[in-house]
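One structure below.
These numbers were taken from a predicted model, which means no experiment stands behind them. Below, chains carry the letters A, B, ... as their sequence lines are ordered, and counting in each starts from 1.
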Amino acid sequence: MKYNHNEIEAAWQQYWKENGTYKTTEDASKEKFYVLDMFPYPSGAGLHVGHPLGYIASDVYARYKRLQGFNVLHPMGYDAFGLPAEQYAIQTGQHPAITTAQNVKRYREQLDRIGFSFDWSREVQTCDPNYYKWTQWIFKQLFNAWYNNDTDKAEPIASLIKHFETNGNVGVNAASEEVESFDANAWNSYSTEEQEQLLLHYRLAYLADTWVNWCPGLGTVLANEEVKDGVSERGGFPVERKLMRQWSLRITAYAERLLQGLETIDWTDALKEQQRNWIGKSNGAAVTFQVEGYDHTIEVFTTRPDTIFGVTFMVLAPEHDLVDEITIADHREEVEKYVEVAKNRSERDRMSDVKTITGTFTGAYALHPFTGEKIPIWIGDYVLAGYGTGAVMAVPSGDQRDWGFAHHFDIPIVPLIEGQDVSEGADPSKDKVMINSDFLNGMIGSDAMIAAIEAIEAKGFGKGKVNYRLRDAIFSRQRYWGEPFPVYFNNDLPTVLSDGELPLELPEVDKYLPTEDGEPPLARATSWKTADGHTMEYSTMPGWAGSSWYFLRYMDPNNNDAFVARDKVDYWNQVDLYIGGSEHATGHLLYARFWTKFLYDLDLIPMQEPFQKLINQGMILGRSSFVYRVNGTNQFVSFGLRKEYDTTRIHVDVNIVDNDELDTDAFKAWRPEFANAEFILEDGKYLCGHEVEKMSKSKWNVQSPDELCERFGADTLRLYEMFLGPLEQYKPWDTKGITGVYGFLKKLWRLFHNDEGLQLSDEAPSKAELKALHKTIKKFREDLDRYSFNTVVSNFMICVNELTDLKCNKRAILEDLVVLVSPYAPHIAEELWKKLGHTESVSYATLPEFDPQYLVEDSFTYPVSFNGKMRFKMELSAALSKEEVEKEVLASEQTAKYLEGKSPKKVIVVPKKIVNVVV
RNA sequence: GCGGAUGUGGUGAAAUUGGUAGACACGCUAGACUUAGGAUCUAGUGCCGCGAGGCGUGGGGGUUCGAGUCCCUCCAUCCGCACCA
């Protein structure tokens with residue numbers, strides 16, 4: 001009787017569906033376990049073999065936890081808003097909802113074919129109005145909240161308004177923009193518009209003129225993490241700086257808590273470090289410099305207040321507010337020209353050209369707070385508008401960038417360290433004796449730092465300060481396919497819709513492009529207004545809005561009264577295991593943590609961190625194949641001969657290449673333009689070049705799981721993807737080894753069957769059989785507890801090999817073995833479980849316990865080494881004591897041979913049963 | 001430049017606390033069997049050597065009875081951040 005994977009898998013997938021095998025309900029009597037995958041964007045290309053890697057690992061773990069008796073939540077859904085569907089809509093006019101629904105359908109078919117134990121009754125799609133209703137609702141909560149630094153949490157905006165009414169903003173310690181102080185009388189005298197304008201400076205979701213990354217190619221603004229090397233992450237279009245009125249979320253209010261929270265979660269150091277860098281905390285001081293002859297001050301942030309006596313100039317970012325105000329007439333033309341050039345430079349140019357030092361003098365001077373000396377104020381684009389205050393106090397002897405600027409423009413450089421030579425460069429050391437620094441002279445830098453901050457604070461020039469690199473998150477996108485803001489404009493002031501008006505659904509538009517006057521696509525919906533005729537917000541939310549809280553919605557996906565019921569989130573709480581790619585390190589994972597902390601502050605959920613344990617699965621890379629076209633012809637030259645011609649390398653579909661040999665007929669049929677292709681062969685063959693790179697449709701190196709499921713079955717695919725290597729590792733896809741795991745399943749099948757059919761024995765298992773089984777139980781539990789998914793597969797193979805050698809068909813052994821195998825190969829496990837006489841799914845079985853008594857040995861082969869070098873092995877009774885082993889070893893003939901007449905210094909017998917003789 | 005990782009046979013990789021390096025699988029070699037199957041089985045397979053034996057976890061050094069594992073140092077590859085004051 002042969003192992004027919006197609007028949008078995010289809011039957012059991014049907015069974016699971018019909019019986020709701022994986023439907024999960026809250027059950028207070030059972031301990032919960034939440035296993036989550038990063039939900040996919042349903043792209044038109046369907047799943048390739050890389051996608052399921054993480055899903056298989058999480059499915060194995062979820063099934064493992066179920067066997068241990070946990071109530072496991074293991075859901076799946078779709079991150080369904082996104083650019084590709086919208087770009088497709090622009091080209092074809094087809095509504096993105098239709099494209100998305102088609103793609104979702106295909107994803108579902110492919111996922112089902114692999115046999116995942118998802119509870120599909122909890123599926124969420126971020127583009128579903130019943131879902132984004134609550135994304136909009138959470139946005140409203142952010143809009144209606146401010147961050148109180150004194151209580152260190154978000155609070156309702158109403159409490160702030162109450163404070164304003166009685167005390168003005170005196171005594172308010174909020175995460176906010178710079179706001180001039182006002183008292184209660186002033187507040188109460190303001191118009192509603194003025195009050196609202198002020199409140200925007202405090203709200204956690206706020207509308208403000210902001211320097212943004214504008215991407216003309218996509219027609220939208222982008223967040224910092226959506227820009228890589230000055231071009232958009234999606235599409236690779238150039239990005240420029242632009243001042244625009246945009247929605248932002250005040251994530252900076254949470255910077256410190258986002259940093260501290262990392263200590264409480266089980267993520268890799270690499271990932272935590274990436275988040276720490278992104279948050280970019282630095283300790284230092286804010287120092288205020290008076291501008292000579294003006295009523296202006298310049299505030300700078302410095303991490304080196306100890307070097308304040310080395311300040312010989314100041315530099316403002318070209319975008320700095322004061323540039324225009326303080327520039328004196330003689331320099332105005334020069335400065336305006338410089339600012340104009342700096343503004344028109346794309347981010348990419350600016351980044352790629354960091355070596356060229358540029359800047360210009362404003363003609364204005366600041367006064368040194370301690371010495372009163374005149375300090376020239378320059379502008380230069382090495383100072384970034386977005387970091388600190390957009391202005392620096394320049395210390396050329398202590399900072400290499402300042403040194404470069406001073407050197408280039410011939411500005412004086414004052415040495416600050418004993419014996420320092422400032423002609424070659426700056427010395428940023430903090431452990432050397434200071435000079436030229438008034439009351440700091442003779443101290444070392446790190447002590448001077450403390451003294452300097454004290455003096456600065458005492459004299460009122462500034463104070464010690466912590467600065468973060470993290471910027472507020474731009475939340476507007478000028479696109480169609482995203483969540484509409486639940487916002488309309490009343491006299492230009494943003495006003496949120498009432499809860500009853502949610503969801504605010506996307507309106508229909510005639511085209512998915514911006515309007516002629518540059519408004520976002522939603523502005524095309526001319527009838528889209530509030531009942532009393534107010535204009536709506538035309539931007540939509542970014543892709544990460546819906547993904548920042550989806551793990552909560554799975555707990556209660558159909559709730560119409562709340563984003564999640566409190567008792568459900570109390571039960572399911574944190575995600576215990578989260579698996580996904582590392583590309584979300586500074587995007588999704590940071591935003592989801594931010595929203596979680598915010599919802600915690602409002603006392604809506606019980607946890608501060610969403611994902612307790614996180615594993616980044618490594619990407620599965622594709623092996624691309626190339627043909628070489630001789631330029632200007634339709635001739636293609638084989639890989640080995642390509643150097644003799646002037647050629648262009650072209651990706652070719654890997655499905656028409658076998659072992660680097662191109663199927664030339666298939667190539668001609670592949671694309672019309674190649675129908676008349678001619679080939680220059682080597683050894684009668686056309687050989688392709690190859691390279692390992694990311695799997696993608698455009699590189700023609702995509703391997704779909706469908707064909708492998710058909711040929712070897714889903715169980716084989718699952719085992720093989722786990723067997724490939726450590727989950728976290730990047731690896732090129734390669735099916736060479738798949739026959740190995742397929743062979744394992746066939747061997748497992750044959751333990752139950754011979755040529756006649758089922759053959760099970762009720763005899764008591766032998767000692768050797770029990771040993772083989774219990775060795776595997778032990779490894780299985782140990783390996784999965786440390787998330788080592790690949791080693792488990794090898795141990796299965798060892799076990800089946802041993803049982804095959806023992807010709808074991810004992811029911812008692814096979815029962816436990818089937819349960820062990822079921823997380824990896826659920827279909828065959830169900831089939832065999834049924835053959836063992838069970839009527840319930842193997843998912844409800846109990847994981848066998850490991851019993852150490854079966855691993856106890858009568859005798860043991862002791863490896864004997866001399867000075868750590870293994871020499872021979874000795875079979876001795878396992879019951880012997882260390883001393884007895886030592887005696888036996890020393891008395892043996894082999895030992896005498898290796899001692900060569902010398903006497904041993906000592907003999908070491910270690911618990912791992914290795915004997916080392918020291919000579 | 002800063003930060004993080006990784007380096008083991010022909011290949012994917014094991015080796016959990018320092019204790020027989022290379023399990024398991026692919027590939028390869030030789031053979032068996034046959035209803036010729038993308039089948040199964042047997043033996044071999046780190047390198048050098050006919051052999052005894054020697055050498056082996058990127059290079060060099062150290063600690064230890066004993067190091068893939070710990071420490072120092074250098075090299076290579078990958079990833080992230082980057083005029084961040």
Side-chain angles (χ1 to χ4, degrees), chain A residues 2 225 228-229 268-278 280-282 284 300-304 307 315 317 350-351 353-357 380-384 386-395 398-402 404-405 428 467-471 582-583 585-586 618 711-712 720 723-726 728-732 734-744 746-747 750 779 782-783 785-786 788 790-799 801 804 861-873 904-919:
Chain A
K2 282 186 79 176
E225 71 287 339
K228 294 264 143 82
D229 300 323
T268 61
D269 288 339
L271 192 57
K272 287 186 182 181
E273 203 52 35
Q274 258 188 72
Q275 292 219 338
R276 283 191 200 106
N277 288 343
W278 193 259
K281 180 179 183 174
S282 39
V300 300
F301 174 75
T302 176
T303 54
R304 295 296 304 276
T307 63
V315 187
R350 189 165 161 169
M351 285 166 69
D353 186 26
V354 295
K355 277 141 279 160
T356 317
I357 295 166
D381 72 358
Y382 85 95
V383 175
L384 304 176
Y387 182 75
T389 60
V392 300
M393 58 174 229
V395 183
D399 183 289
Q400 192 53 44
R401 293 155 304 172
D402 296 344
F405 197 86
N467 201 50
Y468 298 93
R469 197 192 79 113
L470 185 68
R471 304 287 86 215
S582 58
E583 64 273 22
T586 50
R711 210 165 105 191
F712 297 104
Y720 184 59
F723 178 73
L724 269 178
E728 299 86 343
Q729 211 151 85
Y730 278 59
K731 48 215 156 201
D734 177 358
T735 50
K736 268 195 298 193
I738 202 164
T739 52
V741 289
Y742 189 50
F744 157 73
K746 286 195 282 196
K747 277 185 179 174
R750 271 199 306 276
K779 286 294 285 175
E782 282 174 358
D783 288 355
D785 284 342
R786 64 189 172 104
S788 176
N790 55 326
T791 49
V792 174
V793 183
S794 297
N795 286 302
F796 283 161
M797 293 190 191
I798 295 169
C799 184
N801 286 345
T804 303
T861 309
Y862 286 81
V864 180
S865 35
F866 288 76
N867 293 334
K869 187 88 203 158
M870 227 288 284
R871 292 299 178 180
F872 61 88
K873 288 171 185 175
K905 286 191 188 125
K906 63 177 162 175
V907 179
I908 295 160
V909 183
V910 297
K912 290 222 172 169
K913 303 202 171 177
I914 285 148
V915 184
N916 191 20
V917 182
V918 186
V919 186

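- Within the 3.5 Å criterion, the main-chain N or O of Ser282(A) finds no donor-acceptor partner in the side chain of Asn467(A).
- Of the two residues near RNA chain B, Tyr730(A) and Thr861(A), the one whose nearest nucleotide lies more 5' is Tyr730(A).
- Residues satisfying the side-chain contact (heavy atoms from CB on, under 4.5 Å) test with Ser582(A), not counting sequence neighbours, are Asn616(A), Tyr730(A).
- Across all strands, Asp402(A) comes closer than 4.0 Å to no nucleic acid atom at all (heavy-atom distances).
- Taking the P atom of each, A25(B) and U45(B) are spaced 15 Å apart, rounded to whole Å.
- Checked against salt bridge (Lys or Arg N to Asp or Glu O under 4.0 Å), Glu583(A) has no partners two or more places apart in sequence or in another chain.
- Counting non-hydrogen atoms under 4.0 angstrom, Arg871(A) reaches the backbone sugars and phosphates but no base.
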Inset, instruction - Toss me the dot-bracket line for RNA chain B: Watson-Crick and G-U wobble, both under 3.5 Å, 5' to 3', using | for pairs to another strand and [ ] for crossers. - result: (((((((..(((......[....)))((((((.......))))))(((....)))..(((((..]....))))))))))))....

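- Listed by chain and residue number, nothing satisfies the side-chain contact (heavy atoms from CB on, under 4.5 Å) test with Lys2(A) (two or more places apart in sequence, or in another chain).
- Atom-to-atom distance recorded for Lys873(A):NZ and Ile914(A):CD1 is 10.5 Å, nearest 0.5 angstrom.
- Residues Lys779(A) and Gly868(A) each lie close to RNA chain B; by heavy-atom proximity, the contact nearer the 5' end of the strand is made by Lys779(A).
- Nucleotides C70(B) and A15(B) are separated by 14 Å at their P atoms, to the nearest Å.
- Comparing the P positions of G12(B) and G51(B) gives a spacing of 29 Å, expressed to the nearest Å.
- Under the 30°/60° scheme for interplanar angles, the aromatic rings of Tyr387(A) and Phe301(A) are found to stand perpendicular.
- With both ends at atom C1', the span from U42(B) to C65(B) equals 42 Å, rounded to whole Å.
- A gap of 11 Å separates the C1' atoms of U34(B) and C41(B), to the nearest Å.
- Spacing of P atoms, G58(B) relative to A13(B), comes out at 15 Å, to the nearest Å.
- Across all strands, Arg711(A) comes closer than 4.0 Å to base atoms (heavy-atom distances).
- The nucleotide range of RNA chain B contacted by chain A, defined by atoms under 4.0 angstrom from heavy atoms of the protein and reported 5' to 3', is G3(B) to A85(B).
- On the P atoms, C75(B) is 26 Å away from C83(B), given to the nearest whole Å.
- Within the nucleic acid shown, Ile908(A) comes within 4.0 Å of at least one base atom, counting heavy atoms only.
- Within the 4.0 angstrom heavy-atom criterion, no nucleotide atom of any strand lies near Asp269(A).
- Within 4.0 Å of Val395(A), counting heavy atoms only, lies no atom of the nucleic acid at all.
- Between Val910(A) and Asn916(A), every side-chain heavy-atom pair lies at or beyond the 4.5 Å cut-off.
- G68(B) sits 15 Å from U17(B) when the C1' atoms are compared, rounded to a whole Å.
- Counting any heavy atom pair closer than 4.0 Å across all strands shown, Lys873(A) reaches a base atom.
- Scanning for side-chain contact (heavy atoms from CB on, under 4.5 Å) contacts around Asn277(A) gives Glu273(A), with sequence neighbours left out.
- Applying the side chain to side chain donor-acceptor pair (under 3.5 Å) criterion to Asp269(A), with sequence neighbours excluded, gives no partner residue.
- Taking the syn range as angles within 90° of 0, the glycosidic angle of G12(B) is outside it, so the base is anti.
- Within 4.0 Å of Gln729(A), counting heavy atoms only, lie sugar-phosphate atoms of the nucleic acid but no base atom.
- Every residue two or more places apart in sequence or in another chain that forms a side-chain contact (heavy atoms from CB on, under 4.5 Å) with Asp399(A) is listed here: Arg401(A), Asp402(A).
- In this structure, Gln274(A) reaches the sugar-phosphate backbone alone: every heavy-atom distance under 4.0 Å involves primed, P, OP1 or OP2 atoms, never a base.
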Got a list of side-chain donor-acceptor pairs under 3.5 Å for residues 734-744 of chain A, not counting sequence neighbours?
from: Asp734(A); atom 1: OD1; to: Lys736(A); atom 2: N; distance (Å): 2.9

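- Within 4.0 Å (heavy atoms only), Leu384(A) reaches at least one base atom of the nucleic acid.
- Across all strands shown, Asp381(A) has heavy atoms under 4.0 Å from base atoms, whether or not it also approaches the sugar-phosphate.
- Lys747(A) comes within 4.0 angstrom of sugar-phosphate atoms only, judged by non-hydrogen atoms across all strands, and of no base.
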